[in-house]
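Notes follow once the structure below has been shown.
Nothing fancy with the numbering, it's 1 onward along the sequence. In listed order, ligands and their atoms are each counted from 1.
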Amino acid sequence: MSPGPGPGPDPSPVTDPATGAGTTDPAVVAARAEAVRRRIAAAGGDPDRVRLLAVTKGFGPEVVAAALAAGLVDLGESYAQELVAKAPVLAGGPVTPRWHLIGRLQRNKVRSLATLVHRWDSVDRLELGREIARRAPGAAVLVQVNITGEAQKGGCEPAEVDRLVADLQAEGLAVEGLMAVGRAGDDVATRRGFAALVAAADRLGLPERSIGMSGDLEAAVAAGSTMVRIGRDLFGERPPR
Ligand SMILES: *Cc1c(COP(=O)(O)O)cnc(C)c1O
């Protein structure tokens, strides 16, 4: 990562000049966010109603600072350790980030995250929800559903959703909606899964439907997404972990 800008213009606002990935220039991030909003509109979504979650995993605090300066306040992180390291660096700035945990989460990581996380967007089992309710009573959550049947993916089985939502509500958690990840490279399965997720949210009366990433934004918006989670199309390719 390049050192922060000194006095005068930063001579190297882009972490990787070859790809433009990891820009620290808020104007670049803002322009990319505008392009994402245009895609949302072109896919039939109202850009004021389909919100943008900026997925900052893999990038350092200076990239996150650029996102905040560009007006992106809802931020997504997949890994507990990474969020624990990043959040304090961004705290106390002019804009307070709203961190969303969007990755697979072990129960023993909940405690370290409890004061940092704005919403737990990938809750997929009751034991995890119980620990969240214990460490952050009344916290806002989304239930992640595995809509594509891929074993390596997080998410509860579609047949378990109603039960899990009810159990999490009984724990005192505020279940705001459902979240899912499409199947990479399979537009048909992805669209079918998104439609099923939206139908389940309708049935359960849950307003938030967090679906759509850089590669399947259009399908998600067409299905009724209320929040797309965008990483690469805002910040470029992530550095390898
Ligand atoms: C990494 C990630 C994203 C962002 O994916 P991009 O392809 O970079 O837009 C969205 N949602 C989840 C759950 C992720 O892990």
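- For the pair Val117/Leu83, a side-chain contact is recorded, criterion being any heavy-atom separation below 4.5 Å from C-beta on.
- Contact check on Asp74 versus Arg119 returns no salt bridge, with no Lys/Arg side-chain nitrogen under 4.0 Å from an Asp/Glu carboxylate oxygen.
- Screening Lys57, Lys86, Lys109, Arg98 for a salt bridge (charged side-chain N to carboxylate O under 4.0 Å, His left out) involving Glu77 leaves a single residue, Lys86.
- Heavy atoms from other residues, nucleotides or ligands lying under 6.0 Å from CZ of Arg107 number 12 at most.
- Listed by chain and number, residues touching ligand 1 at under 4.0 Å (heavy atoms only) are Val55, Lys57, Ser78, Ile102, Met179, Val181, Met213, Ser214, Arg229, Ile230, Gly231, Arg232, Arg238.
- With salt bridges taken as basic N to acidic carboxylate O contacts below 4.0 Å, none links Arg125 and Asp167.
- Salt-bridge annotation for Arg130 and Glu127: absent, with no side-chain N of the basic residue lying under 4.0 Å from a carboxylate O of the acidic one.
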